[in-house]
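Everything on this sheet refers to the single structure shown next.
Only heavy atoms go into these numbers, but all of them, side chains included; no hydrogens, no water, no symmetry mates.
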Amino acid sequence: MLKIGVIGTGAIGQEHIERLHNKLVGSTVVAVNDINKTQAEEVARRLTPAARVFESGHDLIADTSVDAVVVTSWGPTHEEFVLASIAAGTPVFCEKPLATTAQACLNIVNAEIASGRHLVQVGFMRRYDRSYRLLKQQITSGNLGEPLMVHCAHRNPSVPEVYGGDMAITDSFPHEIDVLRWLLDDDYVSAQVIMPRKTKYARKDLDDPHMILLETKKGIRIDVEVFVNCPYGYDIQCQVVGEDGIGYLPEPMSVLLRKDAKLSHEILRDWKLRFIDSYDVELQEWIDSIKMGVVSGPTAWDGYFASVTADACVEAKHSGRIVPIKIGERPSFYAPRALKPAA
């Protein structure tokens with residue numbers, strides 16, 4: 001059994017603990033830590049056997065009984081805990097964002113390269129969604145021909161009061177940033193943000209919706225609508241226009257109803273229900289890969305690239321300009337065939 005320590009016992013932390021301890025195969029949670037010690041103790045008691053509660057995340061990482069670490073704490077703490085895991089030589093799964101600034105992400109990249117071992121995986125779970133994997137199969141098989149354009153929408157029925165500023169770009173959009181790079185096997189070279197008419201459902205201090213335009217190295221044009229006060233439901237759309245055909249992201253399975261003189265499908269309203277299965281697949285594959293001595297999911301470089309892209313989009317929004325996405329070539333350390341054993 002892979003013995004896992006979890007730093008952060010908030011909502012997503014508790015969900016991952018339940019998966020890792022009671023649902024998935026080959027892992028058990030033996031240690032937890034949270035700034036709210038009372039909450040951590042309550043979560044630890046619910047496990048059988050009960051997990052140990054550590055005073056600090058650093059103490060948890062340093063403990064020899066922990067084989068791997070999952071970081072689900074507050075975003076600004078991610079850098080220090082991921083760096084500590086790298087220094088300890090311990091595989092670490094970090095929920096997105098990898099860190100809250102591009103420089104902090106680059107610090108992690110540099111530390112991991114210096115360690116000589118792949119230890120970091122970032123929680124970009126859409127790569128593990130069955131619908132996205134089916135769409136990628138159509139692209140990589142050549143069935144659509146060369147991709148030319150991609151049209152996407154990221155719609156959410158509402159957001160909490162703490163959601164403001166540029167979070168549509170820095171918090172919601174990074175999922176598209178990562179999954180579209182993965183789908184197309186291509187990087188971005190420029191970003192533009194166009195602000196449509198503001199919806200009446202957005203608070204006065206919140207800009208909504210956004211239209212984000214990206215161009216890739218191969219010349220593929222991408223447009224993404226991010227609309228976080230879209231009352232009808234949580235709806236993720238993706239259409240890849242190729243030279244020979246068009247591929248659509250499959251809709252979540254639902255029952256087709258004929259009722260009240262209407263033909264209809266239900267639309268989900270909770271993002272966790274839309275992607276709940278992908279979280280299971282993501283963490284199961286992480287467990288299995290660590291046991292094989294590799295980390296095969298989204299890398300620290302992917303986390304860094306997402307941060308640089310989001311920064312460029314924020315600049316584009318506030319400047320009104322098309323902003324170049326400036327990032328060096330991917331280090332050979334992160335080449336697909338250059339994965340180093342994690343243990």
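- A donor-acceptor pair shorter than 3.5 Å can be found between the side chains of Ser172 and Tyr163.
- One finds a salt bridge joining Asp207 and Lys317 here, because a Lys/Arg side-chain nitrogen approaches an Asp/Glu carboxylate oxygen to under 4.0 Å.
- With respect to Lys23 and Glu18, no salt bridge is recorded, no charged nitrogen being found less than 4.0 Å from a carboxylate O.
- In this structure, CG on Leu60 lies 11.5 Å from CG on Asp34, to the nearest 0.5 angstrom.
- Residues Ser254 and Glu266 have side chains that never bring a donor and an acceptor to within less than 3.5 angstrom of each other.
- Using a 4.5 Å heavy-atom cutoff, the side chains of Phe305 and Asp178 are not in contact.
- One finds no salt bridge joining Arg127 and Glu282 here, because no Lys/Arg side-chain nitrogen approaches an Asp/Glu carboxylate oxygen to under 4.0 Å.
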Let me have the donor-acceptor pairs involving side chains of residues 79-87, under 3.5 Å, with sequence neighbours excluded, atom names and distances please.
from: Glu79; atom 1: OE2; to: Asn107; atom 2: ND2; distance (Å): 2.9
from: Glu80; atom 1: OE1; to: His58; atom 2: NE2; distance (Å): 2.7
from: Ser85; atom 1: OG; to: Phe81; atom 2: O; distance (Å): 2.9

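- Electrostatic pairing of Lys262 and Asp260 does not count as a salt bridge here, judged by no charged N lying under 4.0 Å from a carboxylate O.
- Between Asp171 and Lys96 there is a salt bridge, since a side-chain N of the basic residue sits under 4.0 Å from a carboxylate O of the acidic one.
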**OP:** Begin with the C-alpha distance, continue with both residues' side-chain angles, and end with the deciding distance and a verdict on salt bridge (Lys or Arg N to Asp or Glu O under 4.0 Å) for Arg133 and Glu285.
**Re:** CA-CA 14 Å; Arg133 287 187 166 188; Glu285 290 192 11; 3.0 Å; yes

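- No continuous path of ILVMFWY side-chain contacts below 4.5 Å connects Ile325 to Val323, so the two sit in separate hydrophobic clusters.
- No continuous path of hydrophobic side-chain contacts links Phe227 to Leu214 [ILVMFWY only; heavy atoms under 4.5 Å].
- The shortest distance between side-chain heavy atoms of Cys238 and Leu180 falls below 4.5 Å.
- In the model, Glu112 has a side-chain atom that pairs as donor or acceptor with a side-chain atom of Tyr334 under 3.5 Å.
- Side chain to side chain, His154 and Glu176 meet the donor-acceptor criterion of an N or O pair below 3.5 Å.
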